[in-house]
Every structure is written in C-alpha cells, then in structure tokens.
Engineer: 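Sharing a structure here in structure tokens format.
Every chain is numbered from 1, with letters handed out A, B, ... down the list of sequences.
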There are 2 protein chains.
Amino acid sequence: MFSKATEYGIKAIIYIASQSMLERRVKIGEVVEHIDSPVAFTAKIVGALVKVGIVQSITGPYGGFYIDRHRMDQIKMIDIVTAIDGDSIFNGCGLGLKECDDEQPCPMHYKFVQIRADLKDMLNSTSILELAEGLKSGKSILMR
Amino acid sequence: MFSKATEYGIKAIIYIASQSMLERRVKIGEVVEHIDSPVAFTAKIVGALVKVGIVQSITGPYGGFYIDRHRMDQIKMIDIVTAIDGDSIFNGCGLGLKECDDEQPCPMHYKFVQIRADLKDMLNSTSILELAEGLKSGKSILMR
DNA sequence: TTTATTTAAGATAAAATTGTCTTAAATAAA
DNA sequence: TTTATTTAAGACAATTTTATCTTAAATAAA
C-alpha cells in the first residue's frame, strides 16, 4: 500500500510525537530502536519531514527530533504520506493510464473512486496526536 | 496501489476477454498494442496467468491467448491480483509490522481494516466479464 | 577554543522490480 | 518433413527503491 519509506516515516513520526508529549527530544538512534528500521535510511526520511515542517530538529549534543505539541492535532497522516510518496496513490489511475477520468475512464475507474476517497478521508482525518496517544496508552505498538 | 506487473496483467486479461467474446484468439503483440505495455514483460505476466488457469493459450501459428467464455464471470479481479502480487495488500500490516492484529495492533490498524475490506470486496465481486463488457461497449478504455 | 555529539547532505551500494533478449518447444501449413 | 509462427522459459540488463557510508555543519560542554 505505502512504500517502505512512508511506513518508516509514519512510525518515526508517531514515536517522536509520543515522546514529545513527555517533553523529550529523541535522537535518531532511539527512534529506530523503537520502530525497527534502518538508521541511515530513516534519518534521511525524517530529515525530509523536517524540511517540510512536520518535525523539528536540533543539531549537536542534547539535540534530536521533536514535534510542537500544539501542532500535533493539526498534522494529519495525509501530510506525511504525500510528503514522502506524493499524491499518486489518490490521484493516479489504478491501472496506470496516464489520464483517466469520468469522461474516458479505465475499466476499473468507478470501482476505485469510492475506495480511494475513503482512504483519503481516513488519512485526512487521522492526526499524529491521535495515533501517538494510542501508542502512549499501550493500545497500539510500533514493533514486535 | 498495484505493481506494474499487476496493472499490465489486469489490462491484458480484460483485452483478451473482450476479444474472446468475439471468438477471437489474440497474439501477445496484439495485446500490448491495445494496452500500451512492454511486450516481453507482458508475455511473462500473461504466461504466469496461463499457469494458474486464468487464461488459456495455444502455441504455434494461429495460436494465441483466449479465455473460456463461460468462465469469464467466475474469474474475479482478486484472482488476478493475488496471482501476481500475492495477498499482502489485503493481509499485511499497513505499517509493515511482521504481525499486526486486533490483540496487538499497529497505530493505524483499525483505520485500515475497513478500507482493506472494501478493497477486497470490490475485487472479489468484480468479474472479468463485467470489465470486458464495459470495454467492448466503449464505456471504458485501456489506453490513451 | 577544543572536543564530542548530533543532524544534514550527498555519494555509493545492495536489493527488488521492471524490462529485454535469446533459445527452446509446440504446432500448423506448405 | 521442412518452414514459419507463436508461446514458454530463463538468462541478462536497466531502473527504481531501499539501505549504507562518508563527510560536513551545527552546537553544547569542558
């Protein structure tokens, strides 16, 4: 469904957010230990999310990554997905046609419309805050 | 959403089916001209679908690919997708956890459940016949 | 100011996916 | 039987994605 890069990105953000709720900045090494992902690759992905403003970072000793607490409920999953994978999962044709619309649809066009709309709605309405709270309360996990 | 291999496979099957409705066997060269895909790669994919019984083939002059007319409504899109991409799109964890279930869910587990169920239902209930009829009647297209 | 720590950035490498090419096998027609 | 045509199968190559490695920049503490 998503690329590995997006999977790592989502998990990293959820972990960072869960720690930011405790006023803790986290280093990339701590992040990957908690989400079971390759460190350098994850660092690059989180770095891209810093550039886009989803995460904040401080370099040097006592540095690390964190997320502004009051922004956690404004940042939605769709922001992370589109920042890494782009929007082709929502807008591209399910059968790979360069163009595909209601006028000249691919054979599966109308079959996909609802499912994609539902996926988009879900990602649009799911905040980092919500997922980080689920993790912190033990309702969900990031590795096993 | 799907791999290129699955995209090509679905389009090839729809085209072959649309021609089988006219009692026409089609060669791989004709298929790729109508779905705009690389010929050797497509041949390999369609070959895999032959092995699995979704398509029939005859080698040699006057040979080609065809689909049993009375099976077209029994073959569903899910059969093509799982034959090529496997079932990870339905069963795997959305965030890539090796295991993820109601007992120990990833943070997005319940968010994904409905969307994946809908996707599966759609692929389960969509037959080759239905899509090939849409193509033949001009309601849908396979390239542009 | 020096050193240690950490993120930033970009080059390089490995793996997976996508795509091509060659040869073999089947089969129909001449 | 020979030839031409077509699918079958597998080796090979290119591209994309995933992952690693190296160096630079920032910054805090000693």
Engineer: Which parts of residues 12-30 of chain A get close to DNA chain C, meaning a heavy atom less than 4.0 angstrom away?
Structural biologist: A/Val26, A/Lys27, A/Ile28
Engineer: Would you say the side-chain atoms of A/Ser20 pair up with the backbone N or O of A/Ile67, donor to acceptor, closer than 3.5 Å?
Structural biologist: yes
Engineer: Where along residues 41-69 of chain A does a heavy atom come under 4.0 Å from DNA chain D, residue by residue in number order?
Structural biologist: A/Phe41, A/Lys44, A/Thr59, A/Gly60, A/Pro61, A/Tyr62
Engineer: With rounding to the nearest 0.5 angstrom, report the CG to CZ distance, B/Leu95 to B/Phe112.
Structural biologist: 5.5 Å
Engineer: Answer yes or no: is there a side-chain heavy-atom contact under 4.5 Å between B/Val81 and B/Lys120?
Structural biologist: no
Engineer: Please determine whether a side-chain nitrogen of the Lys or Arg among B/Lys139 and B/Glu133 lies less than 4.0 Å from a carboxylate oxygen of the Asp or Glu.
Structural biologist: no
Engineer: If you draw a 6.0 Å radius around OH in A/Tyr110, do more than 12 non-hydrogen atoms from other residues or ligands fall strictly inside?
Structural biologist: yes
Engineer: Less than 4.5 Å apart, side chain to side chain, heavy atoms only: is that true for A/Met77 and A/Ile128?
Structural biologist: yes
Engineer: Partners of A/Thr59 by side-chain hydrogen bond (donor to acceptor under 3.5 Å, both in side chains), sequence neighbours excluded?
Structural biologist: none
Engineer: In whole Å, I'd like the distance from the CZ atom of A/Phe2 to the P atom of D/dT17.
Structural biologist: 16 Å
Engineer: Could you list where the contact with chain A starts and ends along DNA chain C, reading 5' to 3', using a 4.0 Å heavy-atom cut-off?
Structural biologist: C/dA4 to C/dA11
Engineer: Rounded to the nearest 0.5 Å, how far does CD1 of A/Ile14 lie from NZ of A/Lys136?
Structural biologist: 14.0 Å
Engineer: Could you state the atom-to-atom distance from NZ of B/Lys4 to C1' of D/dA14 in whole Å?
Structural biologist: 16 Å
Engineer: Going from CD1 on B/Ile35 to OH on B/Tyr8, what distance comes out if it is rounded to the nearest 0.5 angstrom?
Structural biologist: 8.5 Å
Engineer: Can you sort out the partners of A/Tyr15 under side-chain hydrogen bond (donor to acceptor under 3.5 Å, both in side chains), two or more places apart, ordered by chain and number?
Structural biologist: A/Glu30, A/His34
Engineer: For DNA chain C, produce a single dot-bracket line, 5' to 3'. Pairs: Watson-Crick or G-U wobble, both distances under 3.5 Å. Symbols: ( ) within strand, [ ] crossing, | other strand, . unpaired.
Structural biologist: ||||||||||||||||||||||||||||||
Engineer: When B/Asp36 is tested against each of B/Met143, B/Arg144, B/Lys11 for side-chain contact (heavy atoms from CB on, under 4.5 Å), which residue passes?
Structural biologist: B/Met143
Engineer: Begin with the C-alpha distance, continue with both residues' side-chain angles, and end with the deciding distance and a verdict on salt bridge (charged side-chain N to carboxylate O under 4.0 Å, His left out) for A/Glu7 and A/Lys4.
Structural biologist: CA-CA 5 Å; A/Glu7 287 179 6; A/Lys4 281 285 162 196; 3.3 Å; yes
Engineer: When you group the ILVMFWY residues by side-chain heavy-atom contacts below 4.5 Å and let the links chain together, are B/Leu97 and B/Phe90 in the same group?
Structural biologist: no
